[in-house]
Asks: 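Structure incoming, see below.
None of these values were measured; they are calculated from a predicted model.
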Amino acid sequence: MNSQSGSKERRRTDEDDSVGDTTDEEAPSEAAMKLEEEEEEKKALAILLKRENPELKVKKETLVPPIPASTVLSMLDGIKPYVLNPTQRLHCEVDVSREFMSNVFGGNTQYTFPAIGKDKFRKHGLNDFMYLSKSYNPIAPTIPGQSGLFFSHDNFWLPNINPTAKELEDAEQPGWAKVSQRVLTRLKPSHWLYVGQYTVSFSRALTSSEWENLSEKVKGTWVKNIAERGWATIVRARILLRDRLGRRPSVAEVNNKLKRAKKSGIKFKDISEDRILKAFQTGEELLLMWTMECVDYDADFQLRLANESKLWSSSHQKSTKQGMKTGSRSRKKGKDATTKLTVTSNRKRKRSDDSDYEPTGR
């Protein structure tokens with residue numbers, strides 16, 4: 001009996017040793033799996049980068065998505081690119097400036113969804129413009145027909161990052177999510193390319209960890225503009241109420257606060273950038289992700305951009321040169337106040353089409 005017992009003990013010891021050996025052998029396997037995942041992620045990112053327009057001029061870190069590239073591909077997997085026909089391809093590479101678009105079609109040069117004046121609208125009948133910058137939207141489409149992702153602040157006042165279908169149904173959809181949008185994406189300063197007519201559909205919100213993965217430039221751009229811009233008043237109001245109440249304020253509380261603030265002209269500009277950054281880091285405030293699908297390409301509109309932008313640029317350059325000559329002659333002729341005013345009016349500072357950009361407009 002003792003011999004059998006000793007034999008059993010040795011077998012158990014050997015089995016225990018073998019279990020330990022198996023665990024040791026699995027460690028390299030886990031490392032190999034991690035390496036394989038990293039390689040797959042590199043391949044996914046390479047696929048995304050191949051979808052970018054070769055004329056795009058931004059820093060590489062701006063193009064790194066806030067979520068894994070493989071996840072981005074998965075989100076866009078069911079969205080097929082819109083294939084342009086030969087007629088649509090004729091002028092599809094011609095880009096324009098925001099200054100031209102504002103002058104010809106109307107709208108502010110910084111808003112994502114600029115309001116079009118009545119006079120301009122009567123002339124062309126278009127009010128579906130959507131302008132995207134890579135500073136805010138690293139996965140915005142830059143090639144006509146390609147799919148993409150759009151980022152916005154919390155338009156819904158979501159209860160969580162994965163709302164139910166009922167919660168989304170009850171939420172008030174932004175106007176730009178109800179109809180297709182005429183999308184132009186910024187390739188470089190003063191170069192915006194029309195990429196097509198897009199439907200914008202809510203996907204989900206970024207998690208806190210995904211927010212942290214945003215490039216410092218993208219995070220800084222969002223935080224700075226939320227601290228200063230009019231479209232973000234609701235975000236600042238929510239943060240203020242949360243701090244005062246010690247809890248998440250209700251929709252009614254936020255709306256009442258906004259109504260009172262509108263009457264008194266208060267914009268809640270005293271909310272610091274550090275506090276706003278913390279709100280996103282902790283998940284108090286959310287960035288939302290929307291899938292973008294190209295459903296059409298307006299060849300007539302693009303042809304108009306190609307033709308009219310040339311004429312406008314030529315006329316604009318002549319006007320600018322003439323203004324400079326007038327200013328120069330005025331400076332030589334006299335030193336009175338009238339001369340100084342003439343020079344100033346002809347040398348108005350050009351406003352950047354991106355430095356004060358509105359990520360979601362009104």
Side-chain angles (χ1 to χ4, degrees), residues 66-67 75 111-115 127-128 130 136-137 149-179 181 199-212 214 218-219 221-292 357-362:
I67 56 178
M75 292 175 68
Y111 291 169
T112 300
F113 303 98
N127 63 352
D128 55 355
M130 179 181 186
Y136 289 93
N137 295 283
L149 291 180
F150 173 61
F151 293 83
S152 78
H153 67 288
D154 187 355
N155 311 78
F156 297 136
W157 194 213
L158 296 179
N160 52 66
I161 65 170
N162 290 305
T164 65
K166 181 64 169 60
E167 287 169 337
L168 274 179
E169 186 179 337
D170 292 341
E172 183 179 352
Q173 290 273 346
W176 42 263
K178 297 177 182 178
V179 295
Q181 299 297 308
T199 55
V200 185
S201 305
F202 176 72
S203 179
R204 66 175 177 85
L206 266 71
T207 64
S208 298
S209 60
E210 288 170 343
W211 162 266
E212 286 302 321
L214 285 168
V218 172
K219 283 190 289 188
T221 302
W222 276 99
V223 168
K224 178 178 174 59
N225 281 277
I226 286 175
E228 299 175 354
R229 306 304 291 169
W231 57 264
T233 301
I234 185 174
V235 181
R236 297 192 297 270
R238 288 196 297 238
I239 294 174
L240 177 66
L241 282 174
R242 182 185 289 273
D243 290 345
R244 289 183 178 177
L245 299 173
R247 60 171 173 78
R248 177 187 174 92
S250 66
V251 174
E253 287 171 331
V254 174
N255 287 339
N256 289 335
K257 188 71 174 176
L258 290 172
K259 287 179 182 179
R260 292 195 298 271
K262 187 175 182 179
K263 290 180 180 179
S264 57
I266 297 174
K267 300 292 184 180
F268 311 113
K269 294 289 186 70
D270 54 338
I271 305 298
S272 70
E273 291 186 17
D274 286 342
R275 178 64 186 92
I276 293 169
L277 178 61
K278 181 181 178 183
F280 282 96
Q281 289 174 331
T282 59
E284 295 173 13
E285 286 294 328
L286 303 170
L287 278 187
L288 309 186
M289 291 189 292
W290 308 70
T291 56
M292 299 182 62
Y357 196 64
E358 295 275 9
T360 54
R362 297 176 181 242

Asks: How long is the gap from NZ on K262 to NZ on K267, to the nearest 0.5 Å?
Replies: 8.5 Å
Asks: Less than 4.5 Å apart, any side-chain heavy atom of R236 and any of T233?
Replies: yes
Asks: With a 4.5 Å cut-off on side-chain heavy atoms, are H153 and E285 touching?
Replies: no
Asks: Are side-chain heavy atoms of R204 and I67 found at a separation under 4.5 Å?
Replies: yes
Asks: How about NZ on K278, more than 12 heavy atoms from neighbouring residues, nucleotides or ligands closer than 6.0 Å, or not?
Replies: no
Asks: Check whether any side-chain heavy atom of M289 lies under 4.5 Å from a side-chain heavy atom of F150, and answer yes or no.
Replies: no
Asks: Please walk me through it: do F151 and V218 pass side-chain contact (heavy atoms from CB on, under 4.5 Å)?
Replies: CA-CA 11 Å; F151 293 83; V218 172; over 6 Å; no
Asks: Sort out for me which residue in K259, R244, R238, R247 forms a salt bridge (Lys or Arg N to Asp or Glu O under 4.0 Å) with E253.
Replies: R247
Asks: For the residue pair A279 and I239, what are the closest heavy atoms and their distance?
Replies: CB-CD1, 3.9 Å
Asks: Rounded to the nearest 0.5 Å, what separation is found between the CG atom of L241 and the CZ atom of F268?
Replies: 7.0 Å
Asks: Do D154 and L288 have side chains that approach each other closer than 4.5 Å (heavy atoms only, starting at C-beta)?
Replies: yes
Asks: Can you check whether Q281's main-chain N or O pairs, donor with acceptor, with S208's side chain at less than 3.5 Å?
Replies: yes
Asks: To the nearest 0.5 Å, what is the distance between NZ on K219 and CD1 on I276?
Replies: 14.5 Å
Asks: Rounded to the nearest 0.5 Å, how far apart are CH2 of W211 and CG of L277?
Replies: 6.5 Å
Asks: Do F280 and W222 have side chains that get closer than 4.5 Å, going by heavy atoms?
Replies: no
Asks: Please name all residues satisfying side-chain hydrogen bond (donor to acceptor under 3.5 Å, both in side chains) with R275, sequence neighbours left out, ordered by chain then number.
Replies: D243, E284
Asks: So how far is it from Y136 OH to N225 CG, rounded to the nearest 0.5 Å?
Replies: 3.0 Å
Asks: Drop me the distance from L287's CG to I226's CD1, to the nearest 0.5 angstrom.
Replies: 6.5 Å
Asks: Is any side-chain heavy atom of L240 closer than 4.5 Å to a side-chain heavy atom of K257?
Replies: yes
